[in-house]
Amino acid sequence: MTGRDEFTGSRTNRAGAAPDGPDVQAGVRRLPALEAALADARDLPDGPDRQVALERLAERADAAGDVRSGVDARFALIEAYLLDGERWRLVEPVRRCRAAADHRPELLTDDETGLLLRYQRYAVEALLGTPRVGLDQTRALLHDLAHRVGADGPDAPTVAELHCRIADHLGDEPTARHWYERWSGKRPGPAGGCPGCASARRAELLAGWGEWRAALGELQKRDGEPEATCTDQPERDLVAALLPALRAGEPERAAAAHVRAYRRHRREPAAFPHLSAHLRFCALGGHLERGLTILTEQLPRLDRPSDDLAAMEFAAAGALVCALAEEAGLGGRPLPRPAYGGRAATEPDVSALGALLLGVASELAGSFDARNGTGHHSGRMAAWLAERPLAAPVALPADDGSDGPDADGSDEASGSGERELMALTVDMITAALDRRGDQYLVEEGDTVVGRWGGVVIQFRRAGERGEVLHARAMAARRLPATRRSEAYAFCNAWNHDRLLPKAYAHDIDEELVLAGDVATDLTHGVAPAQLTVLVDAAIATGVAYAEAVAALP
């Protein structure tokens, strides 16, 4: 997702110890009281309370001379910041972990050393998303990263990408192009971003430089290139192609890409940075009514943006939609704006909302430019607002959850096929998730896995003939094994009061995973419409279960 592209955040080694155990690392002293406090802090629900507890624990470890616990606390703190969408806070804990590891080379395992490199990349990328990170701090971290990976190391393309994107962010196109040549065509190393989304990141740069055809070419799959396994695809590439396709005279392609990608992005929190492209497509493609609808639908997300760059671009794109709508005689139309915090709900008209959004975009652009010492972002937003429709609008494809006919020309998901009984298949499960616009992976054994908020859900076929739809929900929050009796009491209470999912707890690495199962016997077949209902129910109950686990004291 652009410079904010991916954080898998799998909490490997949640207990905070190295894989070989905390006491086998020569010369590493640990205090049991701090280890226990770290376990308690990790057990807190995601949010500010966990962050504060981890920050204080890191300070206690520093004061006590327990370097290992200090690193463990800061690793956990980095994960907490990433999960809460506060990448701009990473610089200091990454710097402190790096200093500790340099002073005590035996402190980190090989896995932790690689993870710290990735965290260092995240900290460098934070500059792109907010003006709250210092330019000098970021450059120091980037130069340090370049020194560590070397000119010919596997992560050299990652360093080149970061140099390229930072130069572009500062408005230094010649330098950005220099680094682009050293990055283009190379796969990122272990600390790099998602390989499946690298083409989209490059296409966005090329589009920003006005090279529409080159941007579209970057998104084309090369012969022999492995299939991307990124869960953001194909929508990530589709949204990167929106404006280049429109400007290159392919409005039908842009329209199809917009409809399919927005089906997913409309409700996926991490997709907020992509909404500006959808709004600009509507404005420049002549779909003002749809643009106003999307703006109204997504406006509440501006109150809780994933980062400042996404907020600035969303506000500028929304202001452009409003300006064009006003020129079309729609300036007096009221648009609801829900209450937030101490702000009451209002219904500004299109003209008033456009002025409000323009103010938000201008203020944020000014903040970026003040930090960067340039006028690049103010000029870029002004250029967006000066744009006008590129061509007459084309008809948008039907937004029915279908991506068109199958390879053989059939279309099972349309018309009467929705109600036709058939044997359960993995393709039917993934089609149901596609209609919802969800992201997922198909793992070995044909297990379909996705994450919805604080729950990971696996869908698979069970039974002798694969006739049973089995859904397993696992709450992201885990409990220490010492709370086994509380976990059992929670599961018993859940099973007493609710039908789904069937709740239970099991041990993994001295922790308790709270999970739930839903199984439906489909011996006589299932219709696609019925399967969609079953998948919806499994996800809704799984999310509710995970929220209840997260709310445990």
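All residue numbers refer to positions in the sequence shown, counting from 1. These values consider heavy atoms only, across backbone and side chains, with no hydrogens, waters or symmetry-generated copies.
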Looking at [X] and [Y], would you say the former's side chain and the latter's main chain have a donor-acceptor pair under 3.5 Å?
| X | Y | answer |
| --- | --- | --- |
| R477 | L552 | yes |
| E55 | E59 | no |
| D155 | T158 | no |
| E268 | H265 | no |
| R187 | G189 | no |
| W494 | P501 | yes |
| D303 | Y340 | no |
| R50 | A80 | no |
| Y440 | L433 | no |

Would you list the pairs meeting salt bridge (charged side-chain N to carboxylate O under 4.0 Å, His left out) in which at least one residue belongs to residues 488-503, sequence neighbours left out?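 Sorted result for residues 488-503: empty, none.
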Per the salt bridge (charged side-chain N to carboxylate O under 4.0 Å, His left out) rule, what does the pair list look like for residues 543-553, sequence neighbours excluded? none
Return the minimal non-hydrogen interatomic distance between L128 and L309, and the atom names on each side.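 Distance-wise, the nearest heavy atoms are O-CD2, 3.3 Å.
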Where is the tightest heavy-atom contact between A100 and V67, given as atom of each residue plus distance?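 That closest heavy-atom pairing would be CB-CG1, 3.9 Å.
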Salt bridge [X]-[Y], side-chain N to carboxylate O under 4.0 Å:
| X | Y | value |
| --- | --- | --- |
| R202 | E161 | no |
| R264 | D434 | no |
| R68 | E35 | no |
| E235 | R266 | no |
| R484 | D507 | yes |
| R95 | E92 | yes |

Begin from the C-alpha positions of D517 and Y504 and carry the test side chain to side chain donor-acceptor pair (under 3.5 Å) through to its verdict. CA-CA 9 Å; D517 283 321; Y504 58 92; 3.3 Å; yes
So that I know where these two stand, are F281 and Y262 an aromatic pair - ring centroids less than 6.0 Å apart?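 Not under 6.0 Å, so no.
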With E486, which residues qualify under salt bridge (charged side-chain N to carboxylate O under 4.0 Å, His left out), at least two apart? R483
Output, in order, the C-alpha distance, side-chain angles, deciding distance and verdict of side chain to side chain donor-acceptor pair (under 3.5 Å) for R236 and Q233. CA-CA 5 Å; R236 181 71 178 85; Q233 297 293 5; over 6 Å; no
